[in-house]
There are 2 protein chains.
Amino acid sequence: MTARSSSESARDIPEATVARLPVYLRALNALADDGIRTCSSEELALSAGVNSAKLRKDLSYLGSYGTRGVGYDVDYLRYQIAREIGVTQDWPVVIVGIGNLGHALANYSGFRSRGFRVVALLDADETRHGEVVAGVDVRAFGDLEEIVETHGVAIGVIATPAGAAQDVADRMVGCGITSILNFAPSVIVVPEGVDVRKVDLSIELQILAYHEQRKANVT
Amino acid sequence: MTARSSSESARDIPEATVARLPVYLRALNALADDGIRTCSSEELALSAGVNSAKLRKDLSYLGSYGTRGVGYDVDYLRYQIAREIGVTQDWPVVIVGIGNLGHALANYSGFRSRGFRVVALLDADETRHGEVVAGVDVRAFGDLEEIVETHGVAIGVIATPAGAAQDVADRMVGCGITSILNFAPSVIVVPEGVDVRKVDLSIELQILAYHEQRKANVT
DNA sequence: CTCAATTTGTTCTCGCGTTCACAAACTCCT
DNA sequence: AGGAGTTTGTGAACGCGAGAACAAATTGAG
């Protein structure tokens with residue numbers, strides 16, 4: 001299943017490591033902005049908020065990009081991580097659902113600066129079609145196929161109410177979208193081969209509430 | 001460290017389980033809305049998008065709330081989970097940073113319906129003070145102490161740009177806030193005893209991009 | 001050139017979480 | 001009442017990730 005014919009990047013990077021690579025990349029960018037050209041695993045780990053042993057192990061999955069006795073070249077490592085994640089290229093993204101959250105996402109500058117380009121905002125509400133939000137056209141949900149095909153979109157973002165999420169996901173999958181970021185508070189089912197990541201705002205708060213309650217209960 | 005003097009809820013629930021309890025709660029609410037009064041672990045697991053064995057083990061940490069041969073009483077289980085998480089009570093929350101994301105969070109109905117009440121929106125921008133967003137007063141960041149004390153706030157949400165996040169966190173901790181939900185794309189450092197959860201929108205997309213790239217590379 | 005100091009890459013061990021598999025408990029039908 | 005059929009709760013095995021610890025590689029001083 002994980003056999004790769006491509007000669008490079010054939011390593012199988014653990015999921016936990018993949019989730020931390022963007023954090024390292026951000027830390028490296030911050031260091032570069034400060035004019036720092038070289039850093040040790042200890043320093044980088046501090047910036048990223050992780051253990052240095054973990055950092056080194058994570059980086060070792062990518063290859064040997066450090067120099068013993070010296071550390072890592074910030075620019076070089078930055079490029080290597082970006083390439084591994086795939087953010088050296090430009091990823092077109094569609095956002096469905098132009099409520100408060102869709103608005104916020106469309107305006108979020110962090111997407112663009114990290115290689116993601118919002119090519120369209122889709123909504124079922126016809127009265128909003130033709131509007132321009134954050135420099136992006138608001139279009140009809142029915143235009144999804146056309147937009148996906150024209151721009152070669154592989155990543156879709158769901159920012160609709162819970163009730164619409166599964167329908168939207170089905171349509172996205174039907175168009176050939178293979179990665180979905182779901183902000184709707186509902187579980188969506190997709191075929192094998194499609195990746196879904198879920199961000200649920202109220203769940204995060206509930207987890208905090210659980211711990212908060214326990215703190216209070218230690219009498 | 002985990003010794004509890006309180007007689008009930010003395011069990012130590014694994015972190016991974018805690019993170020899933022809100023999902024189960026949501027699934028149970030959906031079932032209840034459909035008029036379903038009883039469900040098996042298999043059915044509930046399907047709604048929640050998990051394995052039924054995992055679901056049963058998770059629930060077993062709370063106690064034996066099911067009936068063998070029958071399943072779980074939806075209302076009863078719902079109450080037990082809600083009580084365990086702590087969402088039977090009302091949690092006052094402050095949001096700092098009234099940008100696009102702060103706006104979206106303030107308007108998010110999912111908070112209120114789950115026991116979280118936004119008591120104030122704070123922002124450094126003086127021109128916005130006195131405004132009312134989503135029925136909540138926009139106040140000066142300097143009012144943090146007063147608001148936290150008045151309402152007994154234990155949970156704070158950071159929705160500022162990255163540069164301000166650490167300062168805001170420090171102030172929050174200084175006021176006695178012990179749980180922080182951080183949407184700013186930066187690592188924040190807090191003292192022992194303070195819980196931080198981080199939601200980073202662009203990191204989620206980068207993780208998707210990594211997998212997307214790998215799919216494309218399987219030639 | 002040699003040796004001390006530094007820092008990476010990797011091996012090893014431990015603990016947590018997931019999953020399987022099954023005994024225990026309950027219902028319902030005859 | 002008894003037995004077949006369900007479904008929970010949990011013991012045990014397994015796999016992954018975290019962290020400690022160390023060997024290998026590099027630098028720089030004398």
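Running 5' to 3' along DNA chain C, contacts with non-hydrogen atoms of chain A at under 4.0 Å begin and end at C/dT6 to C/dC12.
Straight-line distance from the CG atom of B/Asp73 to the C1' atom of D/dT7: 15 Å, rounded to whole Å. Here D/dT8 presents its C1' atom at 15 Å from OH of B/Tyr76, a figure rounded to the nearest Å. In this structure, NZ of A/Lys54 is placed 8 Å from C1' of D/dG17, rounded to the nearest angstrom. When the C1' atom of D/dA18 is taken as reference, atom CD of B/Glu15 falls 16 Å away, rounded to whole Å.
With no hydrogens or angles considered, a side-chain donor-acceptor pair links A/Arg56 and A/Ser41 at under 3.5 Å.
Residues passing the salt bridge (Lys or Arg N to Asp or Glu O under 4.0 Å) test with A/Arg68: none are found, sequence neighbours excluded. Annotation: ring-ring contact (aromatic ring centres under 6.0 Å, His included) contacts of A/Tyr76 (sequence neighbours excluded): A/Tyr65. Residues passing the salt bridge (Lys or Arg N to Asp or Glu O under 4.0 Å) test with A/Glu149: none are found, sequence neighbours excluded. Under the ring-ring contact (aromatic ring centres under 6.0 Å, His included) criterion, B/Phe141 pairs with no residue at all, not counting sequence neighbours. For A/Asp73, the salt bridge (Lys or Arg N to Asp or Glu O under 4.0 Å) criterion is met by no residue, not counting sequence neighbours. Under the side chain to side chain contact (heavy atoms under 4.5 Å, CB included) criterion, A/Ser47 pairs with A/Ala27, A/Leu31, sequence neighbours left out. When the side-chain hydrogen bond (donor to acceptor under 3.5 Å, both in side chains) test is applied to B/Asn29, the partners found at least two apart in sequence or on another chain are B/Arg78.
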Between side-chain atoms of residues 158-169 of chain B and protein atoms elsewhere (two or more places apart, or another chain), which donor-acceptor pairs fall under 3.5 Å?
residue, atom, partner, partner atom, Å
B/Gln166, OE1, B/Val189, N, 2.8
B/Gln166, NE2, B/Asp170, OD1, 2.8
B/Gln166, NE2, B/Val189, O, 3.0

Compile the donor-acceptor pairs under 3.5 Å between side chains in residues 197-204 of chain A and protein atoms, sequence neighbours left out, one pair per line.
residue, atom, partner, partner atom, Å
A/Arg197, NE, B/Glu204, OE1, 2.5
A/Arg197, NH2, B/Glu204, OE1, 3.3
A/Lys198, NZ, A/Asp200, OD2, 3.2
A/Asp200, OD1, A/Ser202, N, 3.2
A/Asp200, OD1, A/Ser202, OG, 3.3
A/Asp200, OD1, A/Ile203, N, 3.2
A/Asp200, OD1, B/Arg26, NH2, 3.0
A/Asp200, OD2, B/Arg26, NH2, 2.1
A/Glu204, OE1, B/Arg197, NE, 2.5
A/Glu204, OE1, B/Arg197, NH2, 3.3

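Between B/Tyr72 and D/dG9 there is a side-chain polar atom (N or O) within less than 4.0 angstrom of OP1 or OP2.
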Where along nucleotides 20-30 of chain D does protein come under 4.0 Å, by heavy atom, of base (B) or sugar-phosphate alone (S), with - for untouched nucleotides?
BB--BBBS---
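Among the heavy atoms of the strands, none lies under 4.0 Å from A/Glu42.
Interface residues of residues 17-41 of chain B facing DNA chain D, ordered by number: B/Ser40, B/Ser41; criterion, heavy-atom separation under 4.0 Å.
In this structure, A/Asp12 pairs ionically with B/Arg214, as a charged nitrogen and a carboxylate oxygen lie closer than 4.0 Å.
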